Each structure stands twice: as C-alpha cells, then as structure tokens.
Trainee: 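Sharing a structure with you now.
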Amino acid sequence: MAMTLRVDDEMERALSALAEAEGASRQEVVRRAVLERYERSSHVSRVDESAGRLADRWGDVLRRLGDA
C-alpha cells in the first residue's frame with residue numbers, strides 16, 4: 001500500500017542523515033521507526049498492567065515499608 005509522507009525541512013534533514021548513517025533508504029528508516037515505536041508502546045502497556053497488578057497485591061506492604 002502506498003503512502004505519501006510530508007515532512008518539513010528539519011525532518012527532511014534528519015531523515016536523510018539517518019538513512020545515510022544506516023545505509024538504508026529513507027522509507028526503511030521510517031518503517032523501522034514506526035515498528036520500533038509500536039513495539040515500545042505495547043511494552044509500556046504490558047509494564048503498566050503488570051505494575052498495576054503488583055501494586056494491588058503488594059501495595060499495603062509497600063506503604064508499611066515506606067512508613068518504617
């Protein structure tokens with residue numbers, strides 16, 4: 001599927017510099033960035049869910065330790 005991406009001058013310079021440094025096309029740099037962001041956001045969601053479960057389970061203990 002084709003997509004047009006409009007960028008400003010700053011983004012153009014950054015994208016070109018990254019592509020050259022990585023030896024990849026500008027399209028590949030954008031693709032990697034999007035996939036990396038997607039993976040990171042799903043990881044953050046899993047960490048948040050896990051932290052919530054742990055806080056529910058151990059919150060009382062942590063509060064008592066904080067008061068000690």
Side-chain angles (χ1 to χ4, degrees):
M1 178 180 297
M3 182 177 107
T4 300
L5 178 64
R6 295 189 176 132
V7 298
D8 60 16
D9 291 340
E10 179 184 15
M11 180 68 79
E12 176 70 29
R13 286 190 299 275
L15 186 53
S16 294
L18 281 170
E20 186 175 333
E22 295 179 11
S25 68
R26 294 163 11 132
Q27 177 180 336
E28 181 63 17
V29 170
V30 171
R31 189 184 80 73
R32 289 176 190 170
V34 169
L35 291 174
E36 191 175 295
R37 174 71 187 265
Y38 175 72
E39 289 172 8
R40 188 174 35 226
S41 69
S42 65
H43 174 74
V44 168
S45 294
R46 289 191 313 270
V47 169
D48 286 346
E49 290 170 10
S50 179
R53 285 192 310 271
L54 290 172
D56 288 344
R57 181 173 180 183
W58 298 103
D60 184 53
V61 172
L62 292 172
R63 277 188 292 283
R64 286 185 288 165
L65 283 172
D67 292 338

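Position 1 is the first residue of the sequence; numbering continues from there. The structure displayed is predicted, hence computed values, not measured ones.
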Trainee: Please determine if D9 and R13 form a salt bridge, counting it only when a charged side-chain N lies under 4.0 Å from a carboxylate O.
Mentor: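 Not counted as a salt bridge, because no side-chain N and carboxylate O are separated by less than 4.0 Å.
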Trainee: Side chain to side chain contact (heavy atoms under 4.5 Å, CB included) between M11 and D8: does it pass, once the steps are laid out?
Mentor: CA-CA 5 Å; M11 180 68 79; D8 60 16; 3.2 Å; yes
Trainee: Which heavy atom of L15 sits nearest to which heavy atom of R26, and what is that distance?
Mentor: CD1-O, 3.8 Å
Trainee: Are more than 12 heavy atoms, taken from residues, nucleotides or ligands other than E20, located less than 6.0 Å from that residue's CD atom?
Mentor: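 No, CD of E20 has 12 or fewer neighbouring heavy atoms, counting only those of other groups under 6.0 Å.
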Trainee: Do L54 and L65 share a hydrophobic cluster (ILVMFWY, side-chain heavy atoms under 4.5 Å, transitive)?
Mentor: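 Result: yes, single cluster for both.
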Trainee: Determine the minimum heavy-atom distance between A24 and V29, stating which atoms define it.
Mentor: CB-CG2, 4.4 Å
Trainee: Flag yes if L5 and V34 sit in one hydrophobic cluster, no otherwise; membership is Ile, Leu, Val, Met, Phe, Trp, Tyr, and two members link when side-chain heavy atoms are under 4.5 Å apart.
Mentor: yes
Trainee: Looking at CZ of R40 and CG of L35, how far apart are the two atoms once the value is rounded to the nearest 0.5 Å?
Mentor: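 Result: 11.5 Å between the selected atoms.
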Trainee: Please lay out, stage by stage, how D60 and R63 fare under the test side chain to side chain contact (heavy atoms under 4.5 Å, CB included).
Mentor: CA-CA 5 Å; D60 184 53; R63 277 188 292 283; 4.0 Å; yes
Trainee: Could you walk me through whether E22 and R32 pass the side chain to side chain contact (heavy atoms under 4.5 Å, CB included) test, one step at a time?
Mentor: CA-CA 11 Å; E22 295 179 11; R32 289 176 190 170; 3.0 Å; yes
Trainee: Is E49 paired with R46 through a side-chain N to carboxylate O contact shorter than 4.0 Å?
Mentor: no
